[in-house]
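Everything on this sheet refers to the single structure shown next.
Sequence lines set the chain letters: A, B, ... in the order given, protein chains first and strands last, and positions in each chain run from 1.
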2 protein chains.
Amino acid sequence: MRDDDTDTPAANLAVRPSAGQAATKADKADKPRRKASIRASNESHLLACAEAVFAERGFEGASTALIAERAGLPKANLHYYFPTKLALYWRVLDDLFEEWNAAADTFDASSDPVAAIGGYVRAKMELSRRRPLGSKVWANEIISGATHMQDILLKRVKPWMESRVTLIERWIAEGLLAPVEPKTLLFMIWATTQHYADFEAQIRALAGKRALSAASFEATTEEVVKMILRASGARSPNA
Amino acid sequence: MRDDDTDTPAANLAVRPSAGQAATKADKADKPRRKASIRASNESHLLACAEAVFAERGFEGASTALIAERAGLPKANLHYYFPTKLALYWRVLDDLFEEWNAAADTFDASSDPVAAIGGYVRAKMELSRRRPLGSKVWANEIISGATHMQDILLKRVKPWMESRVTLIERWIAEGLLAPVEPKTLLFMIWATTQHYADFEAQIRALAGKRALSAASFEATTEEVVKMILRASGARSPNA
DNA sequence: GTCTATAAGCAGATAGAC
DNA sequence: GTCTATCTGCTTATAGAC
């Protein structure tokens, strides 16, 4: 079995489900179905490990050797599944955008800004809690100039933002929101919620490990929701 | 004044005043004074270029070769002034903390939370505008696990934060602030203001270049101040 | 599909002439 | 103080046996 091989520096060894190591002479007789599932399993495992390494070291700082080592695979296998480091990185970014997009849907065109904004803030906080590494990869990419995300930003994020700007302006006109600059409000929501993922290490150092525990995180989420709603001056239409 | 410094993170290239190449045989006859100023000039120029490269590529992704090239110096000279890449990085982080610290002072123990919080938000926004590369280096360092900043965070930032938490709690007790979680408020201020430096590339892509122009930035600053003050429920004691 | 071995080049850092 | 040349080891990526 590969996990027992002497050639994998064992330090942060990844205990994978099982697939991949099963390579024996029997493989040639395997059905395509089986092969496809090996591919899917190895790919997603590599993607998860890549996300962690890109989060810790940025694109340039990450090495395919380290990613492969974390995945418990030889480096050559990584290049078998992803031809280049950049191709792997793009797949990670694509995955992240899909999650971002799912959270974005919660900011719906409801007539109640309290529900829409509150729901969106909760979804973004939950995403920060559930996938902090992904948030860090995104942050790293933007900090480095967003070279590989121009397409996503311009074709996917920008249209979404513009539709929400219109929505926010309507709420303001209806007196359901204070006269805020819509983009400033959106940036504040992004910045504040993503801070709990991206600046995890700082929060841990300053506020202690407890600050990021499940119960505490939930309380913080409600606190953030309250503060954002107050900042935006949102009120429910029937209140 | 800081604003007039020539060595502020001067984007890319590297047209230095002159020092460095001026090395001729006359050097040996130069006074110590002259040598010291060459050292100071080269050091600060290298620090500025290092800040830019660390911001763009993170610590691991940055190369001393690129930093030296930006500075217009051979790589060996960089190692003459800074023995290791890590030593150079530490100097950059130290410099950044000093700036952070200066801005932190504006959050004074005034009896008026509107003035104290508003002033602090403005100082942080101004820092994001004036030194975005520095903010990016800080962000990168934290995202990567804050390995090299534990000391600064624990010995300098944490005591500051705790004193402000006490202050905020006093304002709340005096009814000058809504009953907010003090740390959540501080994190929101940091996240929102630093977003304008760290996520510059995203803002540029989504809101256009104009969004970061001087006039627009000033308007955004006041918008952010208003929103933070509303989020915290601050009111002046004599109002 | 897996993995060893290796190519070709770039990294951090240093030696030593000037 | 400056700079060319170089050491050592790590980088991405590939070749080719199994």
Quiz prompt | CA sep, side-chain torsions, deciding dist, call: A/W100, A/W160, ring-ring contact (aromatic ring centres under 6.0 Å, His included) | solution = CA-CA 11 Å; A/W100 182 92; A/W160 179 89; 5.3 Å; yes
Practice problem: Determine, for A/K136 against A/E200, whether the closest basic-nitrogen to carboxylate-oxygen distance falls under 4.0 angstrom. | Solution: yes
Quiz item: Do NZ/NE/NH1/NH2 and the carboxylate oxygens of B/R130 and B/E99 come within less than 4.0 Å?
Solution: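 Here B/R130 pairs with B/E99 in a salt bridge, since their nearest N and O are under 4.0 Å apart.
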Quiz item: Of A/G61 and A/P83, whose closest DNA chain D nucleotide lies nearer the 5' terminus?
Solution: A/G61
Describe the nucleic acid contact of [X] in one word from base, sugar-phosphate, nothing, applying a heavy-atom distance below 4.0 Å.
X: A/A87; result: nothing
X: B/Y81; result: sugar-phosphate
X: A/A62; result: sugar-phosphate

Quiz item: Does A/K85 count as lying over the ring of A/F59, i.e. NZ or CZ under 6.0 Å from the six-ring centre, within 45 degrees of the axis?
Solution: yes
Quiz item: Between C/dA13 and B/H79, is there an OP1 or OP2 to side-chain N/O distance shorter than 4.0 Å?
Solution: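 The answer is yes; a side-chain N or O of B/H79 sits under 4.0 Å from OP1 or OP2.
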Practice problem: Output yes when at least one side-chain N/O atom of B/Y80 is less than 4.0 Å from OP1 or OP2 of C/dT14, else no. | Solution: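 False: B/Y80 side-chain N/O out of range (4.0 Å or more) of C/dT14 OP1/OP2.
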Could you state the atom-to-atom distance from [atom1] of [X] to [atom2] of [N] in whole Å?
X: A/H45; N: C/dT2; atom1: NE2; atom2: C1'; answer: 16 Å
X: B/N77; N: C/dT14; atom1: CG; atom2: P; answer: 14 Å
X: A/L46; N: C/dG1; atom1: CG; atom2: C1'; answer: 13 Å
X: A/L88; N: D/dA13; atom1: CG; atom2: P; answer: 10 Å
X: B/L86; N: C/dG12; atom1: CG; atom2: C1'; answer: 12 Å
X: A/L66; N: D/dG9; atom1: CG; atom2: C1'; answer: 16 Å
X: B/L78; N: D/dC3; atom1: CG; atom2: C1'; answer: 13 Å
X: A/I67; N: D/dT12; atom1: CD1; atom2: P; answer: 8 Å

Exercise. Map B/S63 and A/K75 onto DNA chain C by nearest heavy atom, then report which one ends up closer to the 5' terminus.
Key: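 Result: A/K75.
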Looking at [options], which one has an atom nearest to any side-chain atom of [X]?
X: A/A76; options: C/dG12, C/dT4, C/dT14; result: C/dT4
X: B/R39; options: D/dG1, C/dA13, D/dT12; result: D/dG1
X: B/T84; options: C/dG12, C/dT2, C/dA13; result: C/dA13
X: A/K85; options: D/dG1, D/dA13, C/dT2; result: D/dA13
X: B/P74; options: D/dG1, D/dC3, C/dG12; result: D/dC3

Quiz item: Counting only N and O atoms by type, is there a donor-acceptor contact under 3.5 Å from the side chain of B/S135 to the main-chain atoms of B/S128?
Solution: no
